[in-house]
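Notes to accompany the following structure.
As the structure is a prediction and not an experimental result, all values here were calculated from the model. Keep in mind that the numbers below use all heavy atoms, side chains included, and drop hydrogens, waters and symmetry copies.
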Amino acid sequence: MAALVARSARDLLKRADLATVPRRQRHKKKWAATEPKFPATRLALQNFDMTYSMQFGDLWPSIRVSLLSEQKYGALVNNFAAWDHVSTELEQLNAKDFVNEAAFRGEPEPEDGQAAAPPAAWSCSPNLRCFTFTRGDVSRFPPARLGSLGVMDYYLMDAALLPVLALGLQPGDTVLDLCAAPGGKTLAMLQTGCCRNLAANDLSTSRTGRLLKVLHSYVPQDVRERNRVRVTSWDGRKWGELEGDTYDRVLVDVPCTTDRHSLHEEENNIFQRSRKRERQMLPVLQVQLLAAGLLATKPGGHVVYSTCSLSHLQNEYVVQGTIELLANQYSIEVQVEDLTHFRKLFTDTFAFFPACRVGELVIPNLTANFGPLYFCKMCRKT
């Protein structure tokens, strides 16, 4: 199955590449033996200037300067700590809980003195509290510290909470985090209190070590045992074969070009020349992982796909290619869910790209310098 998915994914990628490259430019690049050696960060910027200027047009200069500027973070309150005390301290810093403010805005007005029904638009995962500073405020949160209950008070994260919110966890769900490290999204899913079973996987054993460290620092042992948290280092591409039709909710946060990291850090930079082939094959890997996540989902279950890349080849093209693959090879129907309401709920905190074909894309903006973050929610129908 994995070989079939890989072959189909490569075909889809080839068609996508040919569709976006003019015919006159379709040739093999020949490098001189004396090719100058540039830092990977510089190569990343050159690549982004070439591709994203075409993809985003007039928006690219503002996205570019934001990517090169200091990133903004949110503070995810640890519900296993003294969360009310932590929330008060964060409010004293003039930070706002953007999740619950959005929930309040999403509530419908009561009619004729009747109590308002829960808003249909608010299908987000519950019990999450995440504080950010308002647009234009470049204040930074102090480092998290050990609280009175023996666990860390809060976890600093970028816009990465949005895929967890979009997943719409419900009490009693069996959940898979297919590419879980370093652990922020796994931690957020545990904060909801909805996970009956949670499988957190990452192929890299060093990265699963970071994941375990996060869980031990933020989640009491009895909670980890009660939620049956299982941490593994398996090949995620094979999950559909290992545990097919098993999970209610699956998060597939795939390896990608990690655009902001690639512009600021030489270490583990995928734009290193030695990793060129790995970078070119990313969309194939992403299709394989998303297909495996969908195959591991029960009929009627939901999957959220996410990246921290601006590239439509890694975002919309992967989603559409995987849906086509599952329909053709497995006769499985997958439906993309509309997240327009989601964008409206959080537009005061994040800057969204208005023209995604499917899913939503948070773009860096100097007044709200989160992201990039792409996420798309799907339902496996058959």
Legend entry - Member of Y374, Y317, F353 meeting the ring-ring contact (aromatic ring centres under 6.0 Å, His included) criterion with H312: Y317
Inset, instruction - Check whether any side-chain N or O of T322 sits under 3.5 Å from a backbone N or O of L290 as a donor-acceptor pair, and report yes or no. - result: no
Legend entry - K185 with D177: basic N within carboxylate O range, under 4.0 Å: no
Legend entry - More than 12 heavy atoms of other groups within 6.0 Å of R228 CZ: no
Legend entry - Test: E360 and K344 ion pair at under 4.0 Å: no
Legend entry - Side chain T88, main chain D84, donor-acceptor under 3.5 Å: yes
Inset, instruction - Quick one: closest heavy-atom pair of A81 and L149, and the distance? - result: C-CD1, 3.6 Å
Inset, instruction - Check whether any side-chain N or O of N315 sits under 3.5 Å from a backbone N or O of S309 as a donor-acceptor pair, and report yes or no. - result: yes
Inset, instruction - Start with the C-alpha gap between T174 and R196, add the side-chain angles, then the distance that decides, and say whether side-chain hydrogen bond (donor to acceptor under 3.5 Å, both in side chains) holds. - result: CA-CA 6 Å; T174 56; R196 177 162 55 91; 4.8 Å; no
Legend entry - Polar side chain donor-acceptor pair, D202 to S204, under 3.5 angstrom: no
Inset, instruction - First locate atom OG1 of T134, then atom CG of N94, and finally report the distance between them rounded to the nearest 0.5 Å. - result: 8.0 Å
Inset, instruction - First locate atom CG of N268, then atom OG1 of T258, and finally report the distance between them rounded to the nearest 0.5 Å. - result: 7.5 Å
Inset, instruction - May I ask you to test the V138-E70 pair for a side-chain heavy-atom distance under 4.5 Å? - result: no
Legend entry - Short N-O contact, R380 and D245, less than 4.0 angstrom: yes
Inset, instruction - Please tell me if the side chains of V151 and V219 come closer than 4.5 Å, counting only heavy atoms from C-beta onward. - result: no
Legend entry - F375 ring center within less than 6.0 Å of F342 ring center: yes
Legend entry - Steps toward side chain to side chain contact (heavy atoms under 4.5 Å, CB included) verdict (L263, L68): CA-CA 7 Å; L263 291 176; L68 294 170; 4.2 Å; yes
Legend entry - Test item: R230 side-chain N/O and A199 main-chain N/O as donor-acceptor pair under 3.5 Å: no
Inset, instruction - Verify whether the ring centers belonging to F133 and F141 lie closer than 6.0 Å. - result: yes
Inset, instruction - Supply the atom-to-atom distance I270 CD1 to L282 CG, rounded to the nearest 0.5 angstrom. - result: 4.0 Å
Legend entry - Check: V252 and L289 side chains under 4.5 Å, non-hydrogen atoms: yes
Inset, instruction - Compute the centroid of each ring, for F98 and then for F131, and state whether the two points are separated by less than 6.0 Å. - result: no
Legend entry - For L156 against P142, the heavy-atom pair lying closest together: CD1-O, 4.4 Å
Legend entry - Intermediate values then yes/no, side-chain hydrogen bond (donor to acceptor under 3.5 Å, both in side chains), E265 and T41: CA-CA 7 Å; E265 302 289 341; T41 52; over 6 Å; no
Inset, instruction - Check whether any side-chain heavy atom of F350 sits under 4.5 Å from a side-chain heavy atom of L162, and report yes or no. - result: yes
Inset, instruction - Report yes or no: does N127 contribute a side-chain atom to a donor-acceptor pair with the main-chain N or O of T192 at less than 3.5 Å? - result: yes
Inset, instruction - Determine, step by step, whether V334 and K381 satisfy the side chain to side chain contact (heavy atoms under 4.5 Å, CB included) criterion, reporting the C-alpha distance in whole Å, the side-chain angles of both residues, the deciding distance to 0.1 Å, and the verdict. - result: CA-CA 6 Å; V334 177; K381 308 300 279 189; over 6 Å; no
Inset, instruction - Verify the cluster assignment for Y330 and Y247: are they in a single hydrophobic cluster under the rule of side-chain heavy atoms below 4.5 Å apart? - result: yes
Inset, instruction - Would you sort out whether E316 and R357 count as a salt bridge (charged side-chain N to carboxylate O under 4.0 Å, His left out), showing the intermediate values? - result: CA-CA 7 Å; E316 297 104 311; R357 298 180 187 178; 5.7 Å; no
Legend entry - Side-chain touch K72/T367, heavy atoms, less than 4.5 angstrom: no
Inset, instruction - Would you kindly confirm whether V223 and Y154 end up in one hydrophobic cluster when ILVMFWY residues are joined by side chain heavy atoms under 4.5 Å apart? - result: no
Inset, instruction - May I ask you to check whether Y155 and Y218 place their ring centers less than 6.0 Å from one another? - result: yes
Inset, instruction - Verify the cluster assignment for Y73 and L128: are they in a single hydrophobic cluster under the rule of side-chain heavy atoms below 4.5 Å apart? - result: no
Inset, instruction - Could you grab the distance from atom CG of L190 to atom CG of L215, nearest 0.5 Å is fine? - result: 6.5 Å
Legend entry - In one Ile/Leu/Val/Met/Phe/Trp/Tyr side-chain cluster, 4.5 Å: F346, V77: no
Inset, instruction - Measure the acute angle between the ring planes of F56 and W60, then classify it against the limits of 30° and 60° as parallel, tilted or perpendicular. - result: parallel
Legend entry - Co-membership, hydrophobic cluster, residues V284 and L203, 4.5 Å side-chain: no
Legend entry - Electrostatic pair R64-D49, nearest N-O below 4.0 angstrom: yes
Legend entry - side chain to side chain contact (heavy atoms under 4.5 Å, CB included) between T232 and W239, worked out: CA-CA 11 Å; T232 56; W239 214 279; 3.5 Å; yes
Inset, instruction - Establish, from distance only, whether the side-chain atoms of T257 and Q314 form a donor-acceptor pair under 3.5 Å. - result: yes
Inset, instruction - Go through R135 and D348 one step at a time and tell me if the salt bridge (charged side-chain N to carboxylate O under 4.0 Å, His left out) criterion holds. - result: CA-CA 8 Å; R135 275 181 177 259; D348 287 349; over 6 Å; no
Inset, instruction - For residues F370 and Q71, determine if any side-chain heavy atom of one lies less than 4.5 Å from a side-chain heavy atom of the other. - result: no
Legend entry - Sidechain-backbone polar pair: N269 side chain, S262 backbone, donor-acceptor under 3.5 Å: yes
Inset, instruction - Take E266 and R42 through the test salt bridge (charged side-chain N to carboxylate O under 4.0 Å, His left out) and record every step on the way to the result. - result: CA-CA 10 Å; E266 286 296 317; R42 183 174 173 184; over 6 Å; no
Inset, instruction - May I ask you to decide if L43's main-chain N or O and N47's side chain share a donor-acceptor pair within less than 3.5 Å? - result: no
Inset, instruction - Could you tell me whether the side chain of H216 and the main chain of Q221 form a donor-acceptor pair under 3.5 Å? - result: no
Inset, instruction - Output the distance between atom CD (Q335) and atom NZ (K377), rounded to the nearest 0.5 Å. - result: 11.5 Å
Inset, instruction - Dump the intermediate steps for side-chain hydrogen bond (donor to acceptor under 3.5 Å, both in side chains) on S306 and D253, then the final yes or no. - result: CA-CA 5 Å; S306 64; D253 182 47; 2.7 Å; yes
Legend entry - A166 backbone acceptor or donor facing H302 side chain under 3.5 Å: no
Legend entry - Flag, side chain of T208 to backbone of L211, donor-acceptor distance under 3.5 Å: no
Legend entry - pair I363-L310: side-chain heavy atoms closer than 4.5 Å: yes
Inset, instruction - Determine, stepwise, if the pair N79 / R129 fulfils side-chain hydrogen bond (donor to acceptor under 3.5 Å, both in side chains). - result: CA-CA 8 Å; N79 290 335; R129 303 171 180 87; 2.6 Å; yes
Inset, instruction - Would you indicate whether the side-chain heavy atoms of L165 and V99 approach each other to under 4.5 Å? - result: yes
Inset, instruction - Report the distance from atom CZ of F80 to atom CG of D222, rounding to the nearest 0.5 Å. - result: 9.0 Å
